[in-house]
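Side-chain atoms are counted along with the backbone in the values below, which use heavy atoms only and exclude waters and symmetry mates. Convention: sequence-line order gives letters A, B, ...; per-chain numbering from 1.
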Protein chains: 2
Amino acid sequence: MTVPTGRRERKKAATRKKIADVALRLFLDRGYDAVGIRDVAAEADVAVTTLFSHFGSKEALVFAQDEGFEQRLTQAVADRAPREPLIPALRREVRALVRHCTAEGAAPVWHMIEESRALREYEESMRLRHAESLAAAIAAAPDLTRTVTVCRTIARFVIDAYALAREAAEPDAAVDEIFRMIEAAWEATRPA
Amino acid sequence: MTVPTGRRERKKAATRKKIADVALRLFLDRGYDAVGIRDVAAEADVAVTTLFSHFGSKEALVFAQDEGFEQRLTQAVADRAPREPLIPALRREVRALVRHCTAEGAAPVWHMIEESRALREYEESMRLRHAESLAAAIAAAPDLTRTVTVCRTIARFVIDAYALAREAAEPDAAVDEIFRMIEAAWEATRPA
DNA sequence: ACCGTAACACTAACGGTTAGCTCTTTGAAA
DNA sequence: TTTCAAAGAGCTAACCGTTAGTGTTACGGT
């Protein structure tokens, strides 16, 4: 076992962070499409291949910050207080996530994402992965006995709520409105 | 106004069809990733630029067949019998769509789609567009008075149902199970 | 018969991504 | 301490999807 004080890991993390920071700065500065991978690599003073060893694609550079998004949702399910109902816990977490990305400073980034088709597609694909994780977390909760299909369905609905509320004129109200629907859908699956 | 008997249009349609057919054959034969755009163009005896004037991307070649998917959903909403409730009409249509693509002959194509990351992402993106169209159709129905957010939410749920049922072990049963949830969600939004 | 234009073709390039190989650093076994 | 294997990083060169630029042909409306 290696003690977590690796110097390698620190260097690697530093390189990764530097690339992500440089990339975001350039993208916001000149526009996502106007900045090439080679530009980012040059400005971060790394080789193109190094950049791709840290990030799977150009789009991934933009979403490097919001890692843990996935974890927050699954933990909201797993870390509930005993017997706390599922849907309110998820609503609370989704509201927090929506607030986080409709906050002041985040506006330029989300604007950029909506502008670029590639970034939109990448985020949609990310959301699906998150939905799968969430479905697994719901299925694993010992106090919730539902079919696999129900778990996957509710997970998708929750992710939809996040996506839709973010785009709504009044995000908080939209979260409430959509979660009333999700609550009803969940209740309809209560086993006899 | 032009009479629809143009020879040009027939030729164009023939070229388009030939490209799509050749592409699908090659993809199923050698695998999606192993076949390049230049291969398809050469085999269909057209220039690469011609191919791209008919199809927006390599992925679009695969989905050339299922055009009208979008229309079927929006028409299921618009063409309801007077006072026919929304959700059963949508369930009927979704069931038909799911059956259509879980039928015998379609299996190799869907297998190919699930294998390729690019194709999966493309289809997800397509589904989102379909959800937006469906939301517009629901919002435009004169007998359904709901907020914009509710319309968009229900539309997403319906598209989710389609996607999830397709992957389920028993697609028909999954459609029923998910639509019970959607029905409940929709009822919860009934105005006082 | 004539003209405008839509379809198609060709070349060349751009930009994301990867393969192949080398060099250096680092952590740990000998 | 010395040595070694592996991981990080680099370079070159290429592949592949996609597009711009520029003609050329053939059809349809007048």
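Remark: P of dT19(D) and CG of Asp33(A) are 11 Å apart, rounded to the nearest angstrom. In this structure, Ile37(B) atom CD1 and dC16(D) atom P are separated by 12 Å, rounded to whole Å. Rounded to a whole Å, the CZ atom of Arg117(B) is 15 Å from the P atom of dG17(D). Here the C1' atom of nucleotide dC8(C) and the NZ atom of Lys11(B) are 11 Å apart, to the nearest Å. In this structure, the CZ atom of Phe55(B) is 13 Å from the P atom of dT18(D), given to the nearest Å. Rounded to an integer number of Å, the gap from Leu51(B) CG to dC10(C) C1' is 15 Å. Protein atom NZ of Lys58(B) is 18 Å distant from nucleotide atom P of dG16(C), rounded to whole Å. Leu61(A) has its CG atom 13 Å from the C1' atom of dT17(C), to the nearest Å.
Using bins of under 30°, 30° to 60° and over 60° for the plane-to-plane angle, the ring pair Phe69(B)/His130(B) lands in the tilted bin.
In this structure, Ala155(A) and Ala131(A) approach most closely via the heavy-atom pair CB-O, 3.3 Å. Thr189(B) and Arg146(B) make their closest contact through OG1-NE, 2.7 Å (heavy atoms, listed as atom of the first residue, atom of the second, distance).
Across all strands, Val40(A) comes closer than 4.0 Å to no nucleic acid atom at all (heavy-atom distances). Nucleic acid contact for Asp39(B): none, since no nucleic acid atom lies under 4.0 Å from a heavy atom of the residue.
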Dump the intermediate steps for salt bridge (Lys or Arg N to Asp or Glu O under 4.0 Å) on Glu187(B) and Arg190(B), then the final yes or no.
CA-CA 5 Å; Glu187(B) 285 303 317; Arg190(B) 185 187 291 280; 2.7 Å; yes
Intermediate values then yes/no, side-chain contact (heavy atoms from CB on, under 4.5 Å), Val40(A) and Phe27(A)
CA-CA 9 Å; Val40(A) 176; Phe27(A) 290 158; 4.2 Å; yes
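Comparing the axis of the opening five pairs of the helix from dA1(C)-dT30(D) to dA30(C)-dT1(D) with that of the closing five pairs yields an angle of 20°, rounded to 10°.
Phosphate proximity of dG10(D) to Thr50(A): present, with a side-chain N or O under 4.0 Å from OP1 or OP2. A sub-4.0 Å separation between OP1 or OP2 of dC8(C) and a side-chain N or O of His54(B) is present. The phosphate of dC8(C) (OP1 or OP2) has a side-chain N or O of Thr15(B) nearer than 4.0 angstrom.
Lys58(A) places a side-chain N or O within donor-acceptor distance of the main-chain N or O of Tyr32(A), the cut-off being under 3.5 Å.
For the pair Lys12(A) and Tyr32(B), nearest-nucleotide mapping onto DNA chain D gives the more 5' position to Lys12(A). Along DNA chain D, the nucleotide nearest to Arg38(A) and the one nearest to Val48(A) differ in position, and the one closer to the 5' end is contacted by Val48(A).
Distance from the side chain of Ala47(A) is smallest for dC11(D) among the nucleotides dG21(D), dG16(C), dC11(D).
The base of dC11(D) sits with one of its N or O atoms less than 3.5 Å from a complementary donor or acceptor on the side chain of Thr49(A).
Inter-residue side-chain proximity for Ile113(B) and Phe63(B) is flagged as met; some heavy-atom pair is nearer than 4.5 Å.
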